[in-house]
Protein chains: 2
Amino acid sequence: MQMTPMDKKSFDIAIKYLKIERIKKGEFLVREGQICNKIAFIHEGLFRIYNLKEGIEINTCFCKENSITSSFNSFIHQIPSNESIQSLEDSVIVTLSSANLINLYKESSIWQNIRLLLTEKECLRLSDRANSLSFESALEKYKNLIKYQPEIIQRVSIQHIASYLGISRETLSRIRSQID
Amino acid sequence: MQMTPMDKKSFDIAIKYLKIERIKKGEFLVREGQICNKIAFIHEGLFRIYNLKEGIEINTCFCKENSITSSFNSFIHQIPSNESIQSLEDSVIVTLSSANLINLYKESSIWQNIRLLLTEKECLRLSDRANSLSFESALEKYKNLIKYQPEIIQRVSIQHIASYLGISRETLSRIRSQID
DNA sequence: GATATTTTGTGATATATATCAATTGAAACA
DNA sequence: TGTTTCAATTGATATATATCACAAAATATC
């Protein structure tokens, strides 16, 4: 789940509940089957979220600095996650535990609102993704990635991008050589 | 946007803001480009939500009795809708205007909560849809539709179902003759 | 009830993309 | 610096599904 920066004031209220963590490249924030016990504000670095579909990893989201990542449904409802979150670069994150999130809600109602806004934004992202995955050609998908998330192409390996776009490694490779 | 029934008590609070409407088959709740000014609780009937993609209608959701339909993003933010909602059967709906939704929020904070829950549920639906559209074969898509939304197959025409599943009319027709 | 219109089914063909296999290139390592 | 390991490219082939064209049902209209 990728989200935008939040307003400064609300952030200050939360500061006592937050914890800074350093994550090495390749380490996991959550693994499938675990309950996700925190939400992470990415200060520096990059993560991928992926599912397993018949033993194959399908990337569903890349989350970079100044956004939030978490296994959303697992975190909110404290149920086992159906997805894994792995860092693709050495990263610095600021985390909030589910226990402290409840404290935060008690302390300031603005956080409930923020949660709503973020969730609505996630709906839009998922809706766009559904359309892109099923109604765009491989070439269109790649061009739109360049257009809307250009940094991803610089920072993520071809195989992970192909998985995210729902096309094969080979097809993406051929598309790239055509474009340049 | 399809949602589940809500709790009786919250519903009673809202009752003075609600209005009953009858919609004939083929009529529209919203058309693309209009601002969606109401949310509809479907008492009886069936609707489809669709987008235009290069002049072709793509169905994104079917909404039946005991669920809610609205052009979600348009309604919440009062911006022009990018989708249309059309009834597929003569329908009876209970509507709430955006103005009255604000009244409702003032009167009872539970409605903010309900909105959040519904939005989160919609996220899950969209996430499932994204996966289904891009990683399932035509046959799997159809089988899952039978499994999870069997009534749709009885009540909706083949062409609309095909559009919803992201496959061609002809392919769906062939799949159906194989299965029976 | 007969005719027109729309929807669905079936066959032939085209096409985008997957898959398999081999090669090249790049990064990690000792 | 050379060797090992992993990632990306390229070619050949297979395959699912789209598209086109037409026939058959079903539904609507007069």
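Computed from a predicted structure; not experimentally measured. Each chain gets a letter, A, B and so on, in the order its sequence line appears, and its residues count up from 1.
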Could you check which of C:dT7, D:dA18, C:dA18 has an atom nearest any side-chain atom of B:Ile167? D:dA18
Just report the end-to-end axis angle for the helix from C:dG1-D:dC30 to C:dT23-D:dA8, five pairs per end, to 10 degrees.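 The angle, to the nearest 10 degrees, is 40°.
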Within this structure, what is the NZ-to-P distance between B:Lys25 and D:dT27, rounded to whole angstrom?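 Going from B:Lys25 (NZ) to D:dT27 (P), I get 10 Å.
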For the aromatic rings, using the six-membered ring if either is Trp, is the centroid distance between A:Phe62 and A:Phe47 under 6.0 Å? no
Would you mind telling me which residue lines up with the more 5' stretch of DNA chain D, A:Ile158 or B:Leu139, judged by nearest nucleotide? A:Ile158
Report the distance from atom CG of B:Leu172 to atom C1' of D:dT17, rounded to the nearest whole Å. 12 Å
Taken to the nearest whole Å, CD/A:Glu54 to P/C:dT19 is 11 Å
Between B:Thr95 and B:Glu21, is any side-chain donor less than 3.5 angstrom from a side-chain acceptor? yes
Rounded to the nearest angstrom, tell me the gap between atom CZ in A:Arg169 and atom P in C:dA22.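 Checked: the CZ to P distance equals 15 Å.
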Donor-acceptor pair between A:Asn103 and A:Asn100 side chains, under 3.5 angstrom: yes
Using atom CD of B:Gln178 as one end and atom C1' of D:dA16 as the other, report the distance to the nearest whole Å. 12 Å
Mind calculating the distance between CD (A:Glu136) and P (C:dA16) to the nearest angstrom? 16 Å
Interatomic distance where CD belongs to B:Glu140 and C1' belongs to D:dT17 [whole Å]: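 From B:Glu140 CD to D:dT17 C1': 14 Å.
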Within 45° of the ring axis of B:Tyr164 and under 6.0 Å from its six-membered ring centre, is that where the NZ or CZ of B:Arg129 lies?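 Because its charged atom sits under 6.0 Å from the ring centre and within 45° of the axis, B:Arg129 does stack over B:Tyr164.
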Closest approach to the side chain of B:Ser157, judged atom by atom: which nucleotide of C:dT7, C:dT17, C:dT10 is it? C:dT7
Whichever of B:Arg174 and A:Glu170 has its nearest DNA chain D nucleotide further upstream toward 5':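 On the 5' side of the pair lies A:Glu170.
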Output yes when a side-chain donor or acceptor of A:Ser74 lies under 3.5 Å from a complementary backbone atom of A:Cys36, and no otherwise. yes
Report yes if a side-chain nitrogen or oxygen of A:Thr171 is closer than 4.0 Å to either non-bridging phosphate oxygen (OP1 or OP2) of C:dT17; otherwise report no. no
Within less than 4.0 Å of OP1 or OP2 of D:dA8, is there a side-chain N or O belonging to A:Arg176? no
Please walk me through it: do A:Ile35 and A:Phe75 pass side-chain contact (heavy atoms from CB on, under 4.5 Å)? CA-CA 7 Å; A:Ile35 293 174; A:Phe75 179 74; over 6 Å; no
To the nearest Å, give me how far apart CD1 (B:Ile56) and C1' (D:dA18) are. 11 Å
